[in-house]
There are 2 protein chains.
Amino acid sequence: MKNVRKTVAKTKILEFIQNSKAAVAHSDIQASLKGVCDRVTIYRVLERLLKEGLIHKIVDVDGVVKYAACHTCENKFHQHNHIHFSCEKCKKVTCLDTIMPVFNLPQNYILNSVNFTVSGFCPKCK
Amino acid sequence: MKNVRKTVAKTKILEFIQNSKAAVAHSDIQASLKGVCDRVTIYRVLERLLKEGLIHKIVDVDGVVKYAACHTCENKFHQHNHIHFSCEKCKKVTCLDTIMPVFNLPQNYILNSVNFTVSGFCPKCK
DNA sequence: ATTATTTTTGCAACTATGTTGCATTAGCAA
DNA sequence: TTGCTAATGCAACATAGTTGCAAAAATAAT
Ligand SMILES: [Mn+2]
Ligand SMILES: [Mn+2]
Ligand SMILES: [Zn+2]
Ligand SMILES: [Zn+2]
């Protein structure tokens with residue numbers, strides 16, 4: 001059952017994600033942590049942080065994978081049914097933590113998780 | 001203003017997409033069209049079909065890009081605000097053309113397009 | 001039908017993103 | 001301090017997508 005360990009890479013990466021207002025991509029992390037660790041390590045740390053429920057993963061509308069800290073779901077139900085907003089101008093992806101769309105699936109579909117991203121212009125870019 | 005041309009590749013690719021019940025990936029197309037054209041051509045044809053509004057693009061929860069024919073929006077408003085269902089078992093992505101989630105953005109955000117994908121188990125796999 | 005024009009294609013080369021195996025390093029508990 | 005094993009670095013690989021350019025094919029003009 002694999003004990004988790006606290007390492008420099010993990011600490012710095014988590015800090016960076018938590019201090020970012022918008023979701024960050026692997027390349028953002030790599031740029032900010034210049035030389036702290038290998039790019040493969042970043043991938044592996046991200047995997048761990050996901051599994052430990054400290055961050056969540058967002059696939060942007062253009063396929064770019066980004067990560068954001070978990071706020072609303074600290075220790076409780078780890079559900080991310082909020083909307084993500086992707087700005088077409090500044091390319092920033094932000095969690096709209098309080099906004100959860102309403103919909104109902106047809107019979108016979110079993111829902112597990114959702115991935116809602118809307119795009120347009122953010123308040124700063126409109 | 002670039003006239004569009006009808007070519008074998010384009011015809012076959014569009015047919016394949018239109019005949020598929022689920023959304024298809026580039027690799028699916030390549031597999032089905034074995035040797036009809038180069039893989040680069042597939043990318044370029046897909047781009048054109050998108051621009052011509054004959055298909056739409058879906059980024060799956062795991063980042064895999066897929067394409068589906070347009071049904072509800074033939075000539076009219078080209079809006080894709082319906083939900084896509086991604087089955088975790090059979091990996092098929094299907095358009096739930098009639099289901100459109102309700103939500104409201106905070107002031108100052110300008111909505112342009114949406115990308116809603118929910119995952120779980122489809123009727124066949126549940 | 002022939003020719004001319006321009007879109008489309010194939011190919012090769014390249015970039016970006018993510019993965020895997022394996023030897024080495026470093027956390028942490030005993 | 002020692003021992004165990006999680007975590008890392010590095011190299012190599014895999015996959016998806018892009019770009020430039022010459023050749024081929026589709027359509028328009030003659
Ligand atoms: Mn979020
Ligand atoms: Mn669809
Ligand atoms: Zn913006
Ligand atoms: Zn299924």
Side-chain angles (χ1 to χ4, degrees), chain A residues 1-17 20 22-68 86 91 93 115 117, chain B residues 1-17 20 22-68 86 91 93 115 117:
Chain A
M1 21 217 74
K2 237 185 187 202
N3 294 338
V4 301
R5 290 180 189 183
K6 187 177 179 176
T7 66
V8 213
K10 192 180 173 187
T11 308
K12 295 239 175 175
I13 293 173
L14 183 56
E15 264 175 15
F16 178 65
I17 297 175
S20 302
V24 301
H26 176 276
S27 58
D28 299 324
I29 300 173
Q30 194 172 9
S32 98
L33 268 72
K34 272 208 181 310
V36 168
C37 68
D38 192 73
R39 41 178 234 105
V40 179
T41 300
I42 299 179
Y43 283 116
R44 296 199 263 228
V45 167
L46 286 170
E47 248 170 55
R48 263 179 285 150
L49 292 175
L50 279 174
K51 202 167 56 194
E52 292 171 26
L54 296 170
I55 61 174
H56 64 285
K57 184 178 178 175
I58 305 157
V59 178
D60 202 354
V61 284
D62 51 1
V64 177
V65 174
K66 299 189 170 175
Y67 302 87
S86 174
K91 304 291 176 191
V93 173
N115 202 304
T117 305
Chain B
M1 19 220 74
K2 234 184 189 197
N3 293 338
V4 301
R5 290 181 188 183
K6 187 178 180 175
T7 65
V8 210
K10 190 179 172 186
T11 309
K12 295 240 175 175
I13 292 173
L14 183 56
E15 264 176 15
F16 177 65
I17 297 176
S20 302
V24 301
H26 176 275
S27 58
D28 300 324
I29 300 173
Q30 193 172 7
S32 96
L33 269 71
K34 272 204 181 315
V36 168
C37 68
D38 192 73
R39 41 178 237 104
V40 179
T41 301
I42 300 179
Y43 283 115
R44 297 199 262 226
V45 167
L46 286 170
E47 248 170 54
R48 262 179 287 151
L49 292 175
L50 280 173
K51 201 168 55 191
E52 292 171 27
L54 296 170
I55 62 175
H56 63 287
K57 183 177 178 175
I58 305 157
V59 178
D60 202 355
V61 283
D62 51 2
V64 177
V65 173
K66 299 188 169 177
Y67 302 87
S86 175
K91 304 291 175 191
V93 173
N115 202 304
T117 303

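Everything numeric here is computed off the predicted structure, so don't read it as measured data. Chain naming here is simple, since letters A, B, ... match the order of the sequence lines and numbering starts at 1 in each.
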Check: Just checking B/V64: base, sugar-phosphate only, or nothing, at a heavy-atom cut-off of under 4.0 Å?
Finding: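 The residue B/V64 makes no contact with any strand.
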
Which of these nucleotides, [options], is closest to any side-chain atom of [X]?
X	options	value
B/V4	D/dA7, C/dT8, D/dG17	C/dT8
B/R39	C/dG18, C/dC11, D/dT18	D/dT18
B/Y43	D/dA16, D/dG9, C/dG18	D/dA16
B/R5	C/dT5, C/dG27, D/dT18	C/dT5
A/V40	C/dG18, D/dT8, D/dA11	D/dA11

Atom pair distance, as rounded to whole Å: [atom1] in [X] and [atom2] in [N]:
X	N	atom1	atom2	answer
A/Q30	C/dT17	CD	C1'	11 Å
A/K6	C/dA29	NZ	C1'	17 Å
A/D38	C/dA23	CG	C1'	14 Å
A/L46	D/dT8	CG	C1'	14 Å
A/D28	C/dA16	CG	C1'	14 Å
A/L14	D/dA7	CG	C1'	16 Å
A/E47	C/dT20	CD	C1'	11 Å
A/I42	C/dA16	CD1	P	15 Å

Which value, rounded to the nearest 0.5 Å, describes the distance between [X] atom [atom1] and [Y] atom [atom2]?
X	Y	atom1	atom2	result
A/I29	A/Y67	CD1	OH	7.5 Å
B/I55	B/K57	CD1	NZ	9.5 Å
A/I13	A/C37	CD1	SG	4.5 Å

Checklist line | N/O (side chain, B/T7) to phosphate O (OP1/OP2, C/dT7) under 4.0 Å | finding: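 It does not, given that no N or O in the side chain of B/T7 lies less than 4.0 Å from OP1 or OP2 of C/dT7.
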
Item checked: Pairs meeting criterion side chain to side chain donor-acceptor pair (under 3.5 Å) with involvement of residues 28-50 of chain B, two or more places apart ->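 Applying side chain to side chain donor-acceptor pair (under 3.5 Å) to every pair that reaches into residues 28-50 of chain B, excluding sequence neighbours, yields nothing.
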
Margin query: Minimum heavy-atom separation for B/D60 and B/K66, please, with both atom names.
Written below: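 Heavy-atom minimum between the residues: OD2-NZ, 4.0 Å.
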
Notebook entry, point to check: Is any side-chain N or O of A/R44 under 3.5 Å from a base N or O of C/dG18, one able to act as donor and the other as acceptor?
Noted result: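 Counting by modelled atom types and ignoring angles, no donor-acceptor contact under 3.5 Å is found here.
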
Notebook entry, point to check: Axis-to-axis angle across the helix from C/dA1-D/dT30 to C/dA30-D/dT1, five pairs an end, to 10 degrees?
Noted result: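 Answer for the end axes of this duplex: 30°.
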
